[in-house]
Amino acid sequence: MGAGDLVVIHPSLARGAADFDQVAVLLAEAGYRVVSFDPRAAGATRDAPARPDATVTLDDFAADLREIISANGGRAHIVGHDFGNRVARRLATLSPEVVRSIVLWGAGAGVPAPEAVRILAAVTSPTTPAPEFKKAVADGFFAPGNDASVWYTGWYPAAALLETQASGATAVSLYEGGGTAPLLIVQGGQDAIAPPAGSLALQKKIGDRASRTVIDGAGHCMVAEQPRRLAEATAEFLRRH
């Protein structure tokens, strides 16, 4: 949607493009052409083959992302939420010529902490009892007092399996720095999955080309909790690149 420089948003673990409807409208209003998509086994692509005969890595997801960019103009600002930020950084490492800049929503350094892994397993398993599932969504993805019910739906367990496999099969060192493009980290102030200390460490590791902004009143699900502030922080960065 929209017109202007291309912005492609890659969804988070086990989630699809619908999560970005609000933010996409706001970015389009700010002067950008915004594209998101359902990754393998999520949303509209949930019936796609899972390639059981091969090991899926982040390179496969990066290739998918590159195809989306190619189909929409050939060069883009890449936004990645959660798992999507790993794909964005891997693409920027493999194919820097197609990436104008990178924006990471809800990113951390290294691998998730054990508690984050527990929460992710609870929300992506179809056998988690409803009370436990709802508590995991609230505790893991939303700042205290925010409405967690907006993420009670929209989970794709098959996508979670593929994406977890891809992350596990790809060394962090192969994507962590995200190539050479300018990079912005947008951090939820109350993010339990990717806490502020992690993104601060990532910013320091990447160096001067990485900037960082913190949105208070938001957890890992900034797209639903603070869409306007998230869009404003992203657009302000994009205008400089």
Side-chain angles (χ1 to χ4, degrees), residues 6-15 17 20 35-42 51 54-70 74-113 116-117 120 124 159-188 191 193-213 220 222 234 237-238 241:
L6 178 63
V7 177
V8 179
I9 306 176
H10 193 297
S12 55
L13 183 79
R15 304 290 302 185
F20 308 110
V35 173
S36 189
F37 62 99
D38 293 329
R40 299 177 184 214
R51 293 184 60 199
T55 298
V56 178
T57 73
L58 288 183
D59 289 19
D60 296 295
F61 283 91
D64 294 345
L65 180 55
R66 178 164 184 158
E67 284 189 25
I68 297 293
I69 295 169
S70 178
R75 195 160 183 258
H77 300 284
I78 309 301
V79 179
H81 184 209
D82 181 76
F83 170 77
N85 83 68
R86 299 181 181 192
V87 181
R89 285 183 280 165
R90 186 60 182 145
L91 176 64
T93 302
L94 292 170
S95 304
E97 71 279 2
V98 305
V99 179
R100 291 186 60 169
S101 71
I102 307 170
V103 182
L104 309 180
W105 295 343
V111 298
V117 172
L120 291 169
T124 58
L161 289 174
L162 277 181
E163 292 164 354
T164 300
Q165 177 184 347
S167 291
T170 310
V172 173
S173 60
L174 294 179
Y175 66 83
E176 188 166 41
T180 58
L183 186 147
L184 170 68
I185 302 167
V186 185
Q187 169 74 54
D191 192 335
I193 295 292
S199 67
L200 184 60
L202 178 62
Q203 179 194 18
K204 290 179 178 178
K205 185 171 290 189
I206 293 173
D208 291 343
R209 66 185 176 84
S211 54
R212 178 177 175 271
T213 188
H220 202 59
M222 293 177 285
T234 301
F237 170 79
L238 296 180
H241 303 286

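Each residue takes its place number in the sequence, starting with 1. For clarity, every value in this text was computed on a predicted model and none was experimentally measured.
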* Calculate, to the nearest 0.5 Å, the distance between atoms CG and CD1 belonging to Leu120 and Ile193 respectively. => 4.5 Å

* Structure fact -> Value for CG (Leu6) from CZ (Arg75), rounded to nearest 0.5 Å, stands at 11.0 Å

* Calculate, to the nearest 0.5 Å, the distance between atoms OG1 and CD1 belonging to Thr93 and Ile102 respectively. => 7.0 Å

* Asked: CG of Asp60 to CG of Leu162: how many Å apart, nearest 0.5 Å?
  -> 9.5 Å

* Which heavy atom in Val99 sits nearest to a heavy atom in Ala92, and how many Å separate them? -> CG2-CA, 3.9 Å

* To do: State which residues pass salt bridge (Lys or Arg N to Asp or Glu O under 4.0 Å) with Asp38; sequence neighbours excluded, sorted by chain then number.
  => none

* Asked: Please walk me through it: do Leu104 and Arg89 pass side chain to side chain contact (heavy atoms under 4.5 Å, CB included)?
  -> CA-CA 9 Å; Leu104 309 180; Arg89 285 183 280 165; 3.8 Å; yes

* Does Leu91 reach the side chain of His10, with side-chain heavy atoms less than 4.5 Å apart? -> no

* Are side-chain N/O atoms of Ser167 and Arg86 paired as donor and acceptor at under 3.5 Å? -> yes

* Do Val98 and Ile78 touch side chain to side chain, with heavy atoms closer than 4.5 Å? -> no

* Sub-3.5 Å donor-acceptor pair from the side chain of Gln165 to the main-chain atoms of Thr55, do we have one? -> no

* Taking all non-hydrogen atoms of both residues, which atom of Ala166 and which atom of Thr170 are closest, and how far apart? -> O-OG1, 2.8 Å

* Asp64 side, atom CG; Ile68 side, atom CD1 - distance, nearest 0.5 Å -> 7.5 Å

* Structure fact -> Between Gly106 and Asn85, the two heavy atoms sitting closest are O-ND2, 3.8 Å

* Which residues share a ring pair (Phe, Tyr, Trp, His ring centres under 6.0 Å) with Phe61, sequence neighbours left out -> Phe83

* Side chains of Val103 and Leu238 in contact at under 4.5 Å (non-hydrogen atoms) -> yes

* Asked: Is there a side chain to side chain contact (heavy atoms under 4.5 Å, CB included) between His81 and Ile9 once you walk through the steps?
  -> CA-CA 8 Å; His81 184 209; Ile9 306 176; 5.5 Å; no

* Structure fact -> Between His220 and Asp82 the two heavy atoms that sit nearest each other are NE2-OD1, 2.7 Å

Tell me which donor-acceptor pairs under 3.5 Å the side chains of residues 178-187 have, and how far apart each pair is, sequence neighbours excluded?
unit_1	atom_1	unit_2	atom_2	d
Gln187	OE1	Ser199	OG	2.4
Gln187	NE2	Ala194	O	2.9

* Verify side chain to side chain contact (heavy atoms under 4.5 Å, CB included) between Val7 and Thr234, making sure each step is shown before the conclusion. => CA-CA 10 Å; Val7 177; Thr234 301; 5.8 Å; no

* Can you measure from CD1 (Ile206) to CZ (Arg212) and round to the nearest 0.5 angstrom? => 11.5 Å

* If you take all heavy atoms of Val8 and Phe37, which pair is closest and at what distance? -> CG1-CE2, 4.1 Å

* Examine the side chains of Ser12 and Trp105 and answer whether a donor and an acceptor come within less than 3.5 Å of each other. => no

* Asked: Any idea which heavy atoms bring His241 and His77 closest together, and the distance?
  -> O-CE1, 3.2 Å

